[in-house]
Novice: 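What follows is a structure written as structure tokens; I'll ask about it next.
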Amino acid sequence: DKLPARLADYLASVQGQPFLAYVHVFEPHAPYETEPDDAARFVQPYAGPVNGSYEWINAFHAGQVSCDEAGWEHLRQLYAARAAYSDHILGRLLAALVKAGRQADTVVVVLGDHGESLGERGLLEHGDAVPPEQLDIPLVLAGADVGRGLRGGPASVQDVAPTLLHLAGLAPPAAMEGVDLLAGALDPDRPLAANSSVWLPELSWQHGHLRLVVDLYTRRMRLYDTQADAGQTHDLSEERPATRALLLRELCADVCAAETARAARAPDPDGQTLDPAVAAQLTGVGYLGPRTGAPAGGVDQPLSWCSQLRRMLRRL
């Protein structure tokens with residue numbers, strides 16, 4: 001609720017200058033607690049035990065409580081109410097931009113950093129798997145040079161930076177990943193990779209309308225045709241083993257190349273330490289801290305993802 005005023009102060013401080021403002025609206029996120037007005041619009045009466053508090057969410061993850069379909073629907077309504085409140089805040093942020101007289105020369109990007117599982121496949125929240133509910137996100141660009149209409153094709157959060165740089169008349173650094181989303185038709189065969197955040201994660205590799213999901217903990221693979229099966233509920237991995245092997249080979253090559261590049265990267269000349277205040281903030285929102293999901297038996301470091309994928313590929 002404090003963001004619009006902070007944005008207004010920032011815009012006043014950069015009056016007449018180019019600027020980049022990153023505004024993180026955190027509301028569509030656990031805990032699923034909402035404003036009374038939004039709750040009245042979106043949340044139906046519910047007398048069950050399920051609620052959107054961190055206490056209940058943590059108990060669910062620990063297996064101490066369960067959730068029936070009525071409970072999942074209640075959580076979805078709570079989430080919708082929180083999304084509506086974030087939409088209200090977005091309106092106030094845009095009003096601050098208009099009041100500052102900067103709407104005509106500003107590109108606005110509305111972007112989700114992840115989706116949310118709310119009962120689909122029995123999952124809750126995000127980060128522990130790579131289903132479409134968690135990977136598919138909103139991405140809207142608005143501004144005088146953006147044009148109108150929907151764009152089709154593979155896109156990623158990595159594409160936002162090069163797109164904005166081109167709109168600003170600046171050349172992206174050569175090493176920057178991602179593409180300019182407004183440069184022309186998007187390549188329908190561009191592969192996209194993703195991974196969850198647990199110790200032995202799920203990896204996703206999508207090439208065209210085919211998507212391979214690899215669970216490094218169970219060594220299980222799943223194959224989906226996202227065109228014929230948008231919900232990704234029918235596993236084709238046993239029906240199309242050659243396709244599964246081909247996509248695994250592509251994923252393995254991508255992961256191994258990334259690990260090699262990371263190992264060869266020159267260290268930061270200023271040291272690889274974070275400011276303690278920044279580290280505390282990142283820990284507070286879950287981006288730093290102990291790894292979760294570590295394998296049993298006192299193993300400190302599992303095999304690299306590259307090594308594990310190569311073993312799976314050899315078995316195929």
Side-chain angles (χ1 to χ4, degrees), residues 114-117 119-123 126-137 139 150-159 175 177-181 183-264 293-295 299 301-316:
H114 56 75
E116 195 85 335
S117 288
E120 303 87 354
R121 303 161 222 272
L123 299 174
H126 59 272
D128 54 348
V130 288
E133 298 82 32
Q134 297 182 31
L135 290 188
D136 293 342
I137 57 173
L139 171 56
L150 299 174
R151 301 297 307 276
S156 163
V157 291
Q158 291 180 324
D159 301 329
E177 297 186 50
V179 301
D180 178 2
L181 294 173
L186 300 176
D187 180 3
D189 290 324
R190 175 193 178 193
L192 291 179
N195 63 270
S196 64
S197 58
V198 295
W199 181 279
L200 288 175
E202 279 194 346
L203 307 180
S204 168
W205 181 259
Q206 180 150 343
H207 194 159
H209 58 87
L210 295 171
R211 181 166 179 253
L212 179 71
V213 176
V214 180
D215 188 326
L216 289 183
Y217 185 72
T218 64
R219 303 296 191 268
R220 181 189 172 195
M221 288 178 280
R222 305 189 299 277
L223 176 67
Y224 301 107
D225 183 333
T226 63
Q227 192 173 60
D229 177 24
Q232 298 175 35
T233 59
H234 180 56
D235 180 9
L236 299 170
S237 56
E238 296 302 322
E239 301 172 36
R240 302 177 64 176
T243 301
R244 177 187 61 183
L246 177 62
L247 292 179
L248 178 61
R249 181 179 179 180
E250 292 180 1
L251 171 62
C252 183
D254 184 77
V255 168
C256 293
E259 289 188 1
T260 300
R262 187 181 305 117
V299 178
Q301 181 64 41
L303 289 172
S304 73
W305 295 357
C306 174
S307 300
Q308 294 178 73
L309 291 171
R310 281 176 171 165
R311 287 186 174 186
M312 295 175 70
L313 191 58
R314 282 197 294 269
R315 283 199 292 270
L316 289 181

Novice: With heavy-atom distances below 4.5 Å as the criterion, would you say the side chains of Val130 and Arg211 are in contact?
Specialist: yes
Novice: Mind checking whether Arg190 and Val179 have side chains closer than 4.5 Å, heavy atoms only?
Specialist: yes
Novice: Taking all atoms of both residues into account, what is the closest heavy-atom pair of Cys256 and Arg310, and its distance?
Specialist: SG-NE, 3.6 Å
Novice: List the atom of Met221, the atom of Asp235, and the distance in Å for their closest heavy-atom pair.
Specialist: O-OD2, 3.9 Å
Novice: Are Met312 and Leu316 close enough, and set up right, to give a side-chain contact (heavy atoms from CB on, under 4.5 Å), and what steps lead you there?
Specialist: CA-CA 7 Å; Met312 295 175 70; Leu316 289 181; 6.0 Å; no
Novice: Test your reading of the model: is there a side-chain donor-acceptor pair from Ser117 to the backbone of Glu120, 3.5 Å cut-off?
Specialist: no
Novice: Using the disulfide bond (SG atoms under 2.5 Å apart) rule, take Cys306 and Cys252 through it: C-alpha gap first, then chi angles, then the decisive distance, then the call.
Specialist: CA-CA 6 Å; Cys306 174; Cys252 183; 5.2 Å; no
Novice: Where do Glu133 and His126 land on the side-chain contact (heavy atoms from CB on, under 4.5 Å) test, with the steps shown first?
Specialist: CA-CA 9 Å; Glu133 298 82 32; His126 59 272; over 6 Å; no
Novice: Before you tell me yes or no, could you show the steps for Glu202 and Arg222 under side-chain contact (heavy atoms from CB on, under 4.5 Å), namely the whole-Å CA-CA distance, both residues' side-chain angles and the distance that decides it to 0.1 Å?
Specialist: CA-CA 11 Å; Glu202 279 194 346; Arg222 305 189 299 277; 3.3 Å; yes
Novice: Flag yes if more than 12 heavy atoms outside Arg249 fall under 6.0 Å of its CZ atom; otherwise flag no.
Specialist: no
Novice: Answer yes or no: are there more than 12 heavy-atom neighbours, outside Arg311 itself, under 6.0 Å from its atom CZ?
Specialist: no
Novice: Is Glu239 atom CD crowded by more than 12 heavy atoms from other residues, nucleotides or ligands, each under 6.0 Å away?
Specialist: yes
Novice: Roughly how far, to the nearest 0.5 Å, is the CG atom of Leu309 from the CG atom of Leu203?
Specialist: 6.0 Å
Novice: Of Asp189, Asp225, Asp229, which is the lone residue that meets side chain to side chain donor-acceptor pair (under 3.5 Å) with His209?
Specialist: Asp225
Novice: Ignoring hydrogens, what is the shortest heavy-atom contact between Leu247 and Trp205? Give both atom names and the distance.
Specialist: O-CD1, 3.7 Å
Novice: Identify the two heavy atoms, one from Pro154 and one from Leu192, that lie closest to each other, and give their separation to 0.1 Å.
Specialist: CB-CD1, 3.7 Å
Novice: Can you name the closest pair of heavy atoms from Leu135 and Ser204 and give their distance?
Specialist: CD1-OG, 4.0 Å
Novice: Any chance you could measure Arg315, atom CZ, to Leu248, atom CG, to the nearest 0.5 Å?
Specialist: 10.0 Å
Novice: If I take atom CG from residue Leu246 and atom CG from residue Leu251, how far apart are they, to the nearest 0.5 angstrom?
Specialist: 11.5 Å
Novice: Roughly how far, to the nearest 0.5 Å, is the NE2 atom of His207 from the CG atom of Asp254?
Specialist: 11.5 Å
Novice: Could you check Leu186 against Leu181 for side-chain contact (heavy atoms from CB on, under 4.5 Å), going step by step and ending with a plain yes or no?
Specialist: CA-CA 7 Å; Leu186 300 176; Leu181 294 173; 3.9 Å; yes
Novice: From Leu212 CG over to Glu250 CD, what is the distance, rounded to the nearest 0.5 angstrom?
Specialist: 9.5 Å
Novice: Distance from Leu236 atom CG to Tyr224 atom OH, nearest 0.5 Å?
Specialist: 9.0 Å
Novice: Using side-chain heavy atoms (C-beta onward) and a distance below 4.5 Å, is Ser196 in contact with Gln134?
Specialist: no
Novice: If you compare all heavy atoms of Ala129 against all heavy atoms of Leu123, which two are closest, and at what distance to 0.1 Å?
Specialist: CB-CD1, 4.0 Å
